[in-house]
Amino acid sequence: MKALLNILMAISGIILAGSLPILIAGWLLGEWRWQAYFESIRTTLEGLWPIGEIAFFNYRAGQEIALFPNVSAYIVYSLEILFMALIAAVAVSLVLTVVTMLLAEKVRERVKMALYFLESIPDLLIIMLAQLLVIVFFKQTGILISKIAVAGDDRIYWLPALCLAILPTIQLYRLSMLTFQEEERQMYVELARALGFSKVYIVLVHMFRNAIISVFFQSKKTMWFMLSNLFVLELMFNLPGIMLFLSGNMHPMGFLVAIFSFFLPMFLLYSFGEWFFISRRHKKAVA
C-alpha cells in the first residue's frame, strides 16, 4: 500500500508539473491562467491513450514524429547510457572503498581529502578532457578508440557512459568510505577482531554486507546527480537522447513521457531493492 501510494502521488505530481510552463508564462505577464492550465492537463491525459498513437511535433524537422519507434529510441538510448554509468559508478566505488579500507588510517584520510577536491571538478571539463584525450591518442597512434560525437544513425556508448560515471563514482566512493568507517566502529567488528579474524575477512564479509544497504540508498542521490548531468552529456556528444530532443521540442506531452520513462525504471529498481534489503534484515532479526 505504501509503494502504491508513493507511485500514485509521484504520477500526480508529474502530471501537474507537466503543464506548469503555461502558469509560469502567465505569471510573467501578470496573469493567472488557471483555466488554460487545467485544460492543458486534460488534453495531455486524453492524449496518453491509446499510447501507440502518441506523436510529437518536431520543431527542427517541421513535422510530427511518432512515439513508437522514433521518440522511444531516444528514451532507450538515454536510459542505456544512464544505467551503464550507474552500474559502473556503484561497482568501481565499492571496489575502491574495500581496497581503501584495507589501508592505514592516515592514507584513508588523505584519500578523503583528495575526493573532496575531485568532487568540485565541473562535469563539462571532464567531458572536454575526455574528448581531447581521444583526439590526441588518435593523432599519436592512428587508432580511434571512440567517436567523440554522434553523426547520423551512429551510436557511441562507453565514452559517454564513462564521462557520466566519473563524478558520481567519486561522490559514491566518498559516501561509501564514510559508511564503511561507521561500520568499523560497531561492536561486532571489535568482536571479530578479538576472535582473530583477518582485516580482509572482516571488511569483505562482515562490514560489506551491512554497509551495502546504506550504499544502495545513497545511490539514489547519485542517480539524481547523474540525471542533472545527462543533458550536458547529450549536448556535448550530440547524442540522440531524450534530453536533447526535449530541449528543442518542449511541450506537456513530451515532458510527461520523458519523466515517466526515467521515473518508472528507477522507482521499480529502488522499490525492489528496498523490499529486498528490508526483508533480509527482518529475517535476520527474527532468526
Side-chain angles (χ1 to χ4, degrees), residues 10-11 14 17-18 47-48 51-92 123-124 126-135 144-169 172 219-220 222-270 272:
I11 290 173
I14 292 170
L48 288 175
I51 193 170
E53 297 180 5
I54 295 177
F56 303 92
F57 186 80
N58 191 329
Y59 294 103
R60 292 182 179 179
Q63 62 182 7
E64 281 196 343
I65 59 174
L67 172 61
F68 298 103
N70 303 89
V71 180
S72 61
Y74 301 151
I75 295 172
V76 170
Y77 187 44
S78 293
L79 287 174
E80 287 174 341
I81 297 294
L82 183 67
F83 280 99
M84 284 175 63
L86 178 65
I87 293 170
V90 172
V92 173
D123 55 341
L124 188 61
I126 290 175
I127 296 172
M128 293 176 66
L129 284 175
Q131 293 174 327
L132 181 61
L133 288 173
V134 170
I135 294 171
L144 183 62
I145 58 176
S146 174
K147 295 180 180 179
I148 60 173
V150 172
D153 296 328
D154 291 339
R155 295 288 186 273
I156 54 175
Y157 287 95
W158 78 265
L159 187 60
L162 175 64
C163 293
L164 186 61
I166 289 176
L167 285 178
T169 300
L172 202 55
S219 67
K220 288 184 180 181
T222 304
M223 174 63 85
W224 288 114
F225 178 72
M226 294 169 71
L227 276 173
S228 66
N229 292 336
L230 187 58
F231 171 71
V232 177
L233 185 84
E234 292 185 2
L235 184 64
M236 294 295 293
F237 283 98
N238 195 37
L239 303 180
I242 189 61
M243 292 293 191
L244 192 59
F245 173 78
L246 283 180
S247 66
N249 302 276
M250 180 57 74
H251 40 70
M253 181 65 74
F255 175 83
L256 199 63
V257 171
I259 295 300
F260 275 132
S261 66
F262 288 109
F263 167 73
L264 289 176
M266 289 192 294
F267 180 83
L268 293 174
L269 171 65
Y270 285 104
F272 175 77

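These numbers were taken from a predicted model, which means no experiment stands behind them.
Residues I75 and F262 have side chains not in contact (no heavy-atom distance under 4.5 Å, counting atoms from C-beta outward). Counting heavy atoms from C-beta outward, F237 and K147 have side chains that stay 4.5 Å or more apart. Put simply, the side chain of R155 reaches to within 4.5 Å of the side chain of P240, judged on heavy atoms.
No donor-acceptor pair under 3.5 Å is formed between the side chain of W158 and the backbone N or O of S146. Judged by distance alone, with hydrogens and angles left aside, the side-chain atoms of T222 form no donor-acceptor pair with the main-chain N or O of L172 at under 3.5 Å. Checked by atom type and distance alone, the side chain of S228 pairs as donor or acceptor with a backbone atom of F225 at under 3.5 Å. Proximity of a side-chain donor or acceptor of D123 to a complementary backbone N or O of N229 within less than 3.5 Å is not detected.
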Is there a side-chain contact (heavy atoms from CB on, under 4.5 Å) between Y74 and L239 once you walk through the steps? CA-CA 9 Å; Y74 301 151; L239 303 180; over 6 Å; no
In sequence, state the C-alpha distance, the side-chain angles, and the governing distance for F83 and M223, and then conclude on side-chain contact (heavy atoms from CB on, under 4.5 Å). CA-CA 9 Å; F83 280 99; M223 174 63 85; 4.0 Å; yes
Y157 and Y77: CA distance, side-chain angles, deciding distance, ring pair (Phe, Tyr, Trp, His ring centres under 6.0 Å) verdict: CA-CA 9 Å; Y157 287 95; Y77 187 44; 5.4 Å; yes
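The two residues L230 and S78 make their nearest non-hydrogen contact at CD2-CB, 4.2 Å. Closest approach of E234 and L244 over heavy atoms only: OE1-N, 2.8 Å. Nearest heavy atom pair, residue A165 against residue A88, reads CB-CB, 4.4 Å.
Rounding to the nearest 0.5 Å places CG of L159 at 9.5 Å from CG of L133. Atoms CG and CD1, on L144 and I135 in that order, are 9.5 Å from each other to the nearest 0.5 Å. Note that the CG atom of L227 and the CZ atom of F263 stand 12.5 Å from one another [nearest 0.5 Å]. Separating the CG atom in L269 from the CG atom in L86 is a distance of 7.5 Å, to the nearest 0.5 Å. Note: S261 OG to L82 CG = 10.0 Å, rounded to the nearest 0.5 Å. Rounding to the nearest 0.5 Å places CG of L264 at 9.5 Å from CE of M266.
Exactly one residue among I148, I126, I127 makes a side-chain contact (heavy atoms from CB on, under 4.5 Å) with M236. That residue is I127.
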